[in-house]
Amino acid sequence: MMRRLTKISLCVMAAAMLAAGCGKKETEETAPSEETTAQVQEEAPKGRVTLGEYKGLEITNISTEISDEQVESQIEFILNANPEMIEVTDRPAQEGDVVNIDYVGMKDGEAFEGGTAEGYDLELGSGSFIDGFEDGLIGAETGDELSLNLTFPENYGNAELAGQAVVFDVTVNAIQEKKPPELSDETVQKFSDTSKTVEEFRQEIRGNMEESARLNAEVQMQNEAIEKVLASSKFEGLDEEVDQEFQSQMEEMTAALEQSDMTLADYVAMYGTDEDSFKEYMRSDIEARLQVSLIAEVISEAENLQVNDDARMKVAEAYGLESPDELVEAYGQEAVDEAARNIVVMEFLIQNAKIVEPEPTEAESSSESGEEEAPSESEEETTAGN
């Protein structure tokens with residue numbers, strides 16, 4: 001069966017898992033012969049769909065408006081993420097400071113491997129070191145020499161140190177405070193390749209946020225459209241194709257995980273789930289993708305929609321690529337064109353939809369109608385008395 005690009009669909013976890021080792025075109029050594037390929041394609045089951053309504057769908061409009069407050073919040077985030085380091089000379093170290101230290105870790109009076117460093121920058125409160133190390137440096141001043149009596153955790157990765165009592169001799173070379181820079185023309189030029197002034201930077205940030213909001217709105221509206229088409233359509237004959245695709249992906253997934261010395265149980269546990277739940281999710285995802293692909297195929301034929309380079313570029317951009325060529329190399333032209341066709345169809349659904357505004361919340365309804373709470377009896381009396 002053709003390898004499908006799963007990002008232009010409902011697939012999340014499986015796509016991320018397969019990215020490292022699956023979905024590649026087979027090499028010449030392992031590729032099936034033309035006869036075998038033709039036989040597989042001839043034997044591959046084909047589902048059928050009876051389409052429901054797909055024109056004139058009521059789709060909720062998603063606002064792309066960006067407020068001044070959102071722009072300022074994003075700028076503040078950028079400034080906080082790029083702090084200036086200010087040397088501290090008038091107070092002891094406190095949580096959040098970065099201390100430059102030399103240290104030597106000793107077990108039974110002898111330095112142990114990996115426990116020594118010079119000129120190391122450590123942010124206090126980061127949790128980078130074992131319990132007690134960073135807390136032991138809070139209150140220290142530049143030039144202080146301290147001995148920290150600590151114990152490695154029982155589950156520490158190095159068996160020779162796990163649960164062992166050690167002593168760290170630490171010298172504090174310097175203390176620095178992280179401080180967000182002031183917003184200025186000079187600062188802006190450090191963060192932007194195009195903006196020269198604060199106002200230009202605000203406009204740049206607003207433009208980026210509006211573009212992101214536009215793309216997000218586009219995806220949400222397309223998802224609503226395709227979900228409505230799915231809900232009103234009837235499918236037949238997909239079970240066998242779902243089973244084949246599920247089995248194929250499971251085999252590829254298992255092989256990819258084995259290369260990383262992992263089991264499926266280990267992997268899904270990282271996401272807080274179990275094998276059965278993951279397999280159920282994966283099967284339902286495969287079914288949804290096949291249904292979307294089948295709907296897109298039927299609509300594109302009925303409406304004579306053509307795949308174009310613009311749609312192929314949108315597929316590439318969804319993968320963070322500047323060209324679809326890399327995807328064609330990995331998945332094949334047919335798979336890329338299928339993903340591009342899905343995009344063309346979703347755009348067609350939106351172009352032929354009825355865009356409606358979302359229902360106002362209770363607070364918005366009250367505000368628009370100008371309704372106010374009726375005064376209490378005591379308030380009425382006071383008003384009358386005046």
Can you say whether the rings of Y331 and Y319 are parallel (under 30°), tilted (30 to 60°) or perpendicular (over 60°)?
tilted
What orientation do F112 and F168 show, parallel under 30°, tilted 30 to 60°, or perpendicular over 60°?
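If you compare the ring of F112 with that of F168, the planes turn out perpendicular.
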Report the C-alpha distance between R283 and E287 in whole Å, list the side-chain angles of each, state the deciding distance to 0.1 Å, and finish with yes or no for salt bridge (charged side-chain N to carboxylate O under 4.0 Å, His left out).
CA-CA 6 Å; R283 184 180 291 276; E287 182 178 30; over 6 Å; no
Between the side chain of [X] and the main-chain N/O of [Y], is any donor-acceptor distance below 3.5 Å?
X	Y	result
Q291	L230	no
E134	G127	yes
N61	E357	no
S260	M262	no
E95	L124	no
S192	V188	no
D169	S147	no
S233	G52	yes
D97	V99	no

Quick check: closest heavy atoms across [X] and [Y], and the distance to 0.1 Å?
X	Y	value
I343	A311	CD1-O, 4.0 Å
I355	M221	CD1-CE, 3.7 Å
L238	G47	CD2-CA, 4.0 Å
S293	N342	CA-OD1, 4.3 Å
P92	G139	CB-O, 3.3 Å
L122	I101	CD2-CD1, 4.2 Å

Does any non-hydrogen side-chain atom of [Y] lie less than 4.5 Å from one of [X]?
X	Y	answer
L146	V172	yes
V229	L51	yes
L264	T254	no

State the [atom1]-[atom2] distance between [X] and [Y], to the nearest 0.5 angstrom.
X	Y	atom1	atom2	result
Y281	Y271	OH	OH	10.5 Å
K55	F348	NZ	CZ	4.5 Å
N82	K178	CG	NZ	10.5 Å
Q249	Q244	CD	CD	12.5 Å
I59	N352	CD1	CG	11.5 Å
R312	E317	CZ	CD	14.0 Å

Is the number of heavy atoms from other residues, nucleotides or ligands under 6.0 Å of [X] [atom1] greater than 12?
X	atom1	value
N208	CG	yes
E76	CD	no
N158	CG	yes
E211	CD	yes
E303	CD	yes

Does a side-chain N-to-carboxylate-O contact under 4.0 Å join [X] and [Y]?
X	Y	value
R341	D337	no
R91	E177	yes
E210	R214	no

Could you go through the side-chain contact (heavy atoms from CB on, under 4.5 Å) check for F278 and M253 one step at a time?
CA-CA 12 Å; F278 175 75; M253 196 178 304; 3.6 Å; yes
Determine whether L79 and T187 satisfy the following criterion, side-chain contact (heavy atoms from CB on, under 4.5 Å), listing intermediate values before the conclusion.
CA-CA 9 Å; L79 295 176; T187 303; 4.1 Å; yes
In terms of hydrophobic clustering (I, L, V, M, F, W, Y; side-chain heavy atoms under 4.5 Å; direct or indirect links), are [X] and [Y] co-clustered?
X	Y	result
V356	V219	no
L305	L349	yes
L137	L150	yes
I130	M106	no
V307	M346	no

Begin from the C-alpha positions of E123 and S128 and carry the test side-chain hydrogen bond (donor to acceptor under 3.5 Å, both in side chains) through to its verdict.
CA-CA 8 Å; E123 181 178 346; S128 304; over 6 Å; no
Could you walk me through whether E297 and V49 pass side-chain contact (heavy atoms from CB on, under 4.5 Å), step by step?
CA-CA 10 Å; E297 179 182 353; V49 60; over 6 Å; no
For Q74 and Q70, run side-chain hydrogen bond (donor to acceptor under 3.5 Å, both in side chains): C-alpha distance rounded to whole Å, both residues' side-chain angles, the deciding distance at 0.1 Å, then the answer.
CA-CA 6 Å; Q74 179 64 16; Q70 288 175 298; over 6 Å; no
By side chain to side chain contact (heavy atoms under 4.5 Å, CB included), which residues pair with S212, not counting sequence neighbours?
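By the side chain to side chain contact (heavy atoms under 4.5 Å, CB included) rule, S212 matches no residue at all.
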Qualifying salt bridge (charged side-chain N to carboxylate O under 4.0 Å, His left out) pairs, either residue in residues 109-120, two or more places apart
none
Pairs meeting criterion salt bridge (charged side-chain N to carboxylate O under 4.0 Å, His left out) with involvement of residues 57-75, two or more places apart:
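Those involving residues 57-75 are E58-K354, D68-R206, E72-R202.
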Stepwise side-chain contact (heavy atoms from CB on, under 4.5 Å) test for F133 and V170:
CA-CA 10 Å; F133 192 103; V170 184; 3.9 Å; yes
